[in-house]
Student: 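Provided herewith is a single structure, encoded as structure tokens, for subsequent inquiry.
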Amino acid sequence: MKKTLLAAAVILSGAATAMAQESLQKPGFFSNMSIGVQGGATTPLYKGSKFFKDMRGVAGLDIRKQITPAFALGVEGDAAVNTSNWKGQTHSSTAFDASYVGTYGAVNLFKLFQPYGTHNVFDIEAVAGAGWGHLYQNGKGNDWNFFATKAGLNLNFNVSEKVTLSIRPSVLWDMSDAGVKQTSAAYNAEKATFNIMAGVSVKLGDGFKYSVPNYNLDEIAALNEKVTNLRAELATAGDALNASDNENMRLAAQLEKMKNQKPVVVKETQDFLSTVRYVNFAIGRYNVPADQLPNVAAVASYLKNHPQATVSIKGYASQDGPAEVNERLANQRAESVKDMLVSKYGIPASRIKAEGMGIGHMFEEESWNRVAICTLDNDKPVSTETTVSK
């Protein structure tokens, strides 16, 4: 138990010295600007349209400002190449038959949950924006302006700290005259187009700057010294634990040897019997060790042979560790012996009194105070025959 507590202290102290997290410095206005070009295809989503047949090329320009590592604002402009006829509309007399200019916000879904300064080869942005849409048609006054909204994703491949390649699927809605009752603007596939574009953008300036807080060097040195001392104590506790394990192995071997010896019968007579048995425990433990089971069995045997007898079990702890922990251990050790007498040997609980006595001072050898003392009492004079192993 002591080894576990020391190990936890070392880990926590080590973590305290390693908490020099980077902080984000306030960037200049042009530090996080980027400019990019994009191109791909667009196709209408109204009922009856042909997804690939009505598809045509689209190209555009994108300028953005990275406000934080996870959030950006930008403006973009796209123009659709005049190669198809949409829903019976007249072809444009220009090289383009539709255009869009708008602003947008982008949230990097990866950097929302990452520390400052993390560089990803791949990340994903959620993008939403609004702006001005325009349809070009032959004939004076036939052109059509409309308010538009746009939503999509940017799948970014950061090939370097300056250059990003991306795939940008999105949907653009014509929000004016959507043909929906009670409103003149709604999200309706009859007035929407699907766009899939690839883009390349180049970052301007030096990007975000990060700095490490100025910690108190004397405090850090003191913490490092504390960690070193705790590690030394941990090593000492490990040696003590190994020695304890070796002693347990020796005692177990001695117990096994004693089991194979023939018992010696000793006759003794007591007027008023008051027999004591000790059940010793390992440090920080309250379960009955295997080498102490014969002592519990002896108590159970006596109680079965003497139906009028009772037993008083008093649990103790050594001075190792916090006082509140030792108080609990003393009570648990007494209860552990009682539970074994009841559950394993069928002794009625009414014949057993168990109580914790806290820290024991009976023995000069500190480890002997980790004990449950079982005192057997019989209210009648008896003559007993006790069998012990030599």
Student: Would you say M357 and E355 make side-chain contact, with heavy atoms under 4.5 Å?
Tutor: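 The answer is yes; the side chains approach within 4.5 Å.
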
Student: Do V311 and R351 come close enough that some side-chain heavy atom pair is under 4.5 Å?
Tutor: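 The answer is no; the side chains never approach within 4.5 Å.
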
Student: Sequence neighbours excluded, which residues qualify as ring pair (Phe, Tyr, Trp, His ring centres under 6.0 Å) partners of F157?
Tutor: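 Scan of F157 (ring pair (Phe, Tyr, Trp, His ring centres under 6.0 Å), adjacent residues dropped) gives F122.
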
Student: Could you check whether K150 pairs with D78 (Lys NZ or Arg NE/NH1/NH2 to Asp/Glu carboxylate O, under 4.0 Å)?
Tutor: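 Yes, this pair counts.
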
Student: With clusters defined by side-chain heavy atoms of hydrophobic residues (ILVMFWY) lying less than 4.5 Å apart, directly or transitively, does V37 cluster with M33?
Tutor: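 Same hydrophobic cluster.
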
Student: Does NZ belonging to K338 count more than 12 external heavy atoms closer than 6.0 Å?
Tutor: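 Enclosed: over 12 neighbouring heavy atoms sit under 6.0 Å from NZ of K338.
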
Student: Assess, by modelled atom type and distance only, whether the side chains of N158 and D123 contain a donor and an acceptor separated by less than 3.5 Å.
Tutor: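 Checked: N158/D123 side chains pair up, N/O donor to acceptor below 3.5 Å.
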
Student: Are M55 and W173 connected, step by step, through hydrophobic side chains (Ile, Leu, Val, Met, Phe, Trp, Tyr) whose heavy atoms are closer than 4.5 Å?
Tutor: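 Linked, M55 and W173 end up in one cluster.
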
Student: Using a 4.5 Å cut-off on heavy atoms from C-beta on, say whether the side chain of L255 contacts that of P294.
Tutor: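 P294 reaches L255 side chain to side chain.
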
Student: Is it true that, when you exclude Y104 itself, more than 12 heavy atoms of the residues, nucleotides or ligands shown sit nearer than 6.0 Å to its OH?
Tutor: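 Atom OH in Y104 is crowded, with more than 12 foreign heavy atoms closer than 6.0 Å.
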
Student: If you apply the rule side-chain contact (heavy atoms from CB on, under 4.5 Å), what do you find for Y345 with V296, and how did you get there?
Tutor: CA-CA 10 Å; Y345 297 100; V296 181; 4.1 Å; yes

Student: Determine whether more than 12 heavy atoms belonging to other residues, nucleotides or ligands lie under 6.0 Å from atom NZ of K353.
Tutor: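 Atom NZ in K353 is not packed in, count stays at 12 or less.
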
Student: Would you call R168 and E76 a salt bridge, taking side-chain N to carboxylate O under 4.0 Å as the test?
Tutor: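 Salt bridge between R168 and E76, a charged N being under 4.0 Å from a carboxylate O: no.
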
Student: Ignoring hydrogens and angles, state whether a donor on the side chain of N32 or Q66 is under 3.5 Å from an acceptor on the partner side chain.
Tutor: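 The criterion, which ignores hydrogens and geometry beyond distance, is not satisfied for Q66 and N32.
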
Student: Please give me the minimum heavy-atom distance between L61 and G36, naming the atom from each residue.
Tutor: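 That closest heavy-atom pairing would be CD1-O, 3.2 Å.
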
Student: I'd like to know whether CD of E225 has more than 12 heavy-atom contacts from other residues, nucleotides or ligands below 6.0 angstrom.
Tutor: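 Atom CD in E225 is not packed in, count stays at 12 or less.
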
Student: Using a 4.5 Å cut-off on heavy atoms from C-beta on, say whether the side chain of D291 contacts that of N280.
Tutor: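 No. Closest side-chain heavy atoms not under 4.5 Å.
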
Student: Could you state whether L135 and W132 fall into the same hydrophobic cluster, counting links through intermediate Ile, Leu, Val, Met, Phe, Trp or Tyr residues with side-chain heavy atoms under 4.5 angstrom apart?
Tutor: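 No.
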
Student: Any link between Y187 and L172 through a network of hydrophobic side chains (Ile, Leu, Val, Met, Phe, Trp, Tyr) touching at under 4.5 Å?
Tutor: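 Looking at the clustering, L172 is in a separate group from Y187.
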
Student: Side chains of R370 and I283, heavy atoms from C-beta outward: is any pair under 4.5 Å?
Tutor: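 Yes, side chains in contact.
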
Student: Fit a plane to each ring of F51 and F194, take the angle between them on a 0 to 90° scale, and name the class: parallel (under 30°), tilted (30 to 60°) or perpendicular (over 60°).
Tutor: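 Tilted: the ring planes of F51 and F194 meet at 30° to 60°.
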
Student: Is the shortest heavy-atom distance from the side chain of Y46 to the side chain of D54 under 4.5 Å?
Tutor: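 Yes, side chains in contact.
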
Student: Do H361 and Y316 come close enough that some side-chain heavy atom pair is under 4.5 Å?
Tutor: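 Counting from C-beta outward, H361 and Y316 never come under 4.5 Å.
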
Student: Given side chains that start at C-beta, do those of L329 and N326 come closer than 4.5 Å, heavy atoms only?
Tutor: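 They are in side-chain contact.
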
